[in-house]
Protein chains: 2
Amino acid sequence: MSERDGRPRTAQLQVVEQIKSYILDRRLRAGDPLPTEPELMDAIGASRSSVREAIRTLSALDIVEVRHGHGTFVGSLSLSAMVESLAFRSLLGTTTDYRVLSDVVSIRQLMEQGFAGMIIDGLGSTERTKLADLAQQMCDLADRGKPYVEQDRAFHLLLLQPIGNELVVQLTGAFWEVQSRVATTLDVSDRNWQRTAHAHVEIVDAAAAHDLDRLQLAIEEHYAPVKEQIRTLATLAADTDPLPEERPGA
Amino acid sequence: MSERDGRPRTAQLQVVEQIKSYILDRRLRAGDPLPTEPELMDAIGASRSSVREAIRTLSALDIVEVRHGHGTFVGSLSLSAMVESLAFRSLLGTTTDYRVLSDVVSIRQLMEQGFAGMIIDGLGSTERTKLADLAQQMCDLADRGKPYVEQDRAFHLLLLQPIGNELVVQLTGAFWEVQSRVATTLDVSDRNWQRTAHAHVEIVDAAAAHDLDRLQLAIEEHYAPVKEQIRTLATLAADTDPLPEERPGA
DNA sequence: TAAAATTTGTACGTATGTATA
DNA sequence: CTATACATACGTACAAATTTT
């Protein structure tokens with residue numbers, strides 16, 4: 001009763017696929033309840049171990065969400081899995097640490113600059129007010145020497161929201177989290193927070209002025225301090241940690 | 001013997017974190033072997049079920065890789081988790097299907113256009129030859145009415161390889177796979193394959209000519225057929241499947 | 001070729017912690 | 001506060017796959 005289609009050789013993958021199909025066939029949405037473990041065991045015909053391990057797999061991908069003592073539900077399908085994977089990767093390796101961080105920042109800048117035109121087009125008065133408010137908060141906090149992590153995250157997400165590309169927003173959120181997490185682990189305390197904070201103001205002003213070139217410059221100016229800092233950290237680490245870099249050239 | 005540090009309340013997360021720490025502390029690289037399950041049970045002090053479920057979680061994130069009858073190893077830390085998550089998300093929902101697909105294509109185009117300058121700078125004679133060869137193969141296959149999936153994937157990865165941003169390459173590969181997988185599921189058979197195939201030739205020529213504007217135009221032309229097709233599919237589905245779209249406005 | 005050892009995969013049973021009614 | 005339903009955790013036994021003898 002288990003060797004139906006030969007595609008997935010292992011029972012684990014079979015159960016994973018069957019749970020996926022269960023969700024797809026009934027067009028369940030995020031938050032909808034799934035059958036209990038005994039019910040799944042019965043419906044699929046697998047043991048509890050297999051069902052639980054399959055649920056673990058799906059849980060790691062945020063396809064399902066398990067609430068202790070309550071039940072299993074369809075997950076929010078976020079990019080949390082990518083965050084975990086990237087954050088872990090950036091902690092591995094030696095000088096590679098800053099490679100991931102640098103790559104993440106580059107892509108963030110690229111997305112914002114690339115969508116600058118759509119940001120200008122989609123900027124309504126409501127968003128402009130909120131963005132300006134957040135930028136002002138960041139400036140105030142920076143002047144008092146305090147961090148402004150949440151405002152920064154909210155700012156960039158709100159900036160990209162109106163362009164209508166949900167994936168870009170989620171990618172930015174994911175990259176922001178990777179950057180934030182790795183930075184705190186490496187004890188990256190930014191000294192030129194004020195410069196970055198004021199860059200946000202310029203971004204809003206440039207977007208409000210419908211000035212594409214000015215907006216792209218403002219975005220570049222925003223990411224300049226971080227990139228510079230990563231560069232100095234990398235060279236610093238290269239000096240104190242003289243590892244033989246692999247040279248692919250013959 | 002289990003209420004040491006209160007941070008992760010559940011044993012699962014504890015075991016996950018401990019296995020992560022094991023890899024990080026010993027600076028293991030991809031492919032390096034991990035202790036066997038009994039050894040991990042002993043070292044961590046958890047039952048086999050807990051260890052196995054934790055390994056399942058890490059396996060889903062490609063942080064570890066399990067080979068039946070052989071052992072557990074450090075994974076390649078790819079973005080396969082994001083692929084799974086995005087592919088599944090695109091299969092959920094009704095009209096949202098094409099949203100994910102459309103978003104993915106937009107980001108792919110954005111990355112290639114945004115890095116066009118670095119593509120030109122980093123294009124060596126070796127890459128140029130290989131890219132031209134792949135483009136020619138695609139044209140030949142397209143003329144004979146055959147698909148050219150692998151050549152297309154190799155082309156775009158090779159195109160972005162020299163810019164030195166590993167994350168961009170992996171993201172492109174992941175998005176390519178999502179696009180490919182969802183497209184085949186939706187039976188998206190592209191009729192203007194020839195047009196797309198020849199667009200690759202133009203991309204190589206433009207890059208070889210060090211012409212930035214021309215390259216960006218070539219990239220736009222490359223993605224135009226796919227975007228157009230997605231648009232027609234979406235409108236087609238909207239006609240046959242008149243679902244009431246949720247309107248967040250009051 | 002084949003058998004044995006190692007390692008992961010599957011299954012079942014039981015007890016415990018947790019959330020909801 | 002009690003009861004119920006559910007997920008969590010542990011332990012053991014056996015099956016399947018891989019490598020080595």
Side-chain angles (χ1 to χ4, degrees), chain A residues 1-20 22-23 28 30-76, chain B residues 1-20 22-23 28 30-76:
Chain A
M1 71 227 174
S2 63
E3 57 290 315
R4 190 90 55 83
D5 47 355
R7 281 160 26 219
R9 300 183 312 279
T10 159
Q12 302 261 352
L13 293 180
Q14 276 193 24
V15 180
V16 167
E17 292 305 319
Q18 290 192 67
I19 295 179
K20 277 192 195 173
Y22 181 94
I23 298 174
L28 300 184
D32 288 348
L34 262 61
T36 67
E37 288 177 353
E39 286 171 345
L40 281 177
M41 289 168 56
D42 200 42
I44 297 179
S47 77
R48 183 144 206 177
S49 325
S50 305
V51 170
R52 280 186 59 80
E53 292 189 14
I55 288 180
R56 274 285 161 280
T57 297
L58 294 171
S59 174
L61 302 176
D62 203 14
I63 289 179
V64 308
E65 181 186 351
V66 177
R67 286 200 277 263
H68 190 163
H70 192 195
T72 309
F73 305 84
V74 178
S76 48
Chain B
M1 71 226 178
S2 63
E3 58 289 315
R4 190 89 54 83
D5 47 354
R7 283 162 24 221
R9 301 183 312 279
T10 159
Q12 297 272 345
L13 293 181
Q14 275 193 22
V15 180
V16 167
E17 292 306 320
Q18 290 192 66
I19 295 179
K20 277 192 194 173
Y22 182 94
I23 298 173
L28 300 184
D32 289 348
L34 262 61
T36 66
E37 288 175 354
E39 284 170 347
L40 282 176
M41 291 169 55
D42 199 42
I44 296 178
S47 75
R48 177 130 187 249
S49 322
S50 303
V51 170
R52 280 187 58 81
E53 291 190 16
I55 288 178
R56 274 287 159 279
T57 297
L58 295 171
S59 174
L61 303 176
D62 203 15
I63 289 178
V64 308
E65 181 186 349
V66 178
R67 287 200 276 263
H68 190 169
H70 192 194
T72 309
F73 306 83
V74 178
S76 47

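Each chain gets a letter, A, B and so on, in the order its sequence line appears, and its residues count up from 1. On a predicted model such as this, the values are computed, not experimentally measured, just so you know.
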inquiry  = At less than 4.0 Å, is any side-chain N or O atom of Thr36(B) found next to OP1 or OP2 of dT6(C)? Yes or no.
reply    = no
task = Using a cut-off of strictly less than 4.0 Å, decide whether Ser50(B) has a side-chain nitrogen or oxygen near OP1 or OP2 of dT8(D).
result = no
query = Just by protein heavy atoms under 4.0 Å, how would nucleotides 11-18 of chain D read 5' to 3' in B, S and -?
reply = B-B--BBB
Separation of [X] atom [atom1] from [N] atom [atom2], in whole Å?
X: Arg52(A); N: dG13(C); atom1: CZ; atom2: P; result: 17 Å
X: Leu34(A); N: dC6(D); atom1: CG; atom2: P; result: 13 Å
X: Arg56(B); N: dT10(C); atom1: CZ; atom2: P; result: 7 Å
X: Glu53(B); N: dT8(C); atom1: CD; atom2: P; result: 16 Å
X: Leu58(B); N: dT8(C); atom1: CG; atom2: P; result: 14 Å
X: Phe73(A); N: dC6(D); atom1: CZ; atom2: P; result: 11 Å
X: Asp42(A); N: dA11(C); atom1: CG; atom2: P; result: 14 Å
X: Glu37(A); N: dT18(C); atom1: CD; atom2: C1'; result: 14 Å

Is [Y] close to [X] at the side-chain level, that is, under 4.5 Å between some pair of heavy atoms?
X: Val66(B); Y: Arg56(B); result: yes
X: Lys20(A); Y: Val16(A); result: yes
X: Leu34(B); Y: Leu28(B); result: yes
X: Ser76(A); Y: Asp62(A); result: yes

ask   = Nearest heavy-atom pair of Ile19(A) and Ile44(A): which atoms, and what distance?
value = CG1-CD1, 4.0 Å
remark   = Nearest heavy-atom approach of Val15(A) to Ala54(A) is CG1-CB, 3.5 Å
request  = Please tell me which of Gln12(B) and Glu39(A) maps to the more 5' nucleotide of DNA chain D, matching each residue to the nucleotide holding its nearest heavy atom.
outcome  = Glu39(A)
request  = Only counting residues at least two apart or in another chain, list the ones meeting ring pair (Phe, Tyr, Trp, His ring centres under 6.0 Å) with Phe73(A).
outcome  = His70(A)
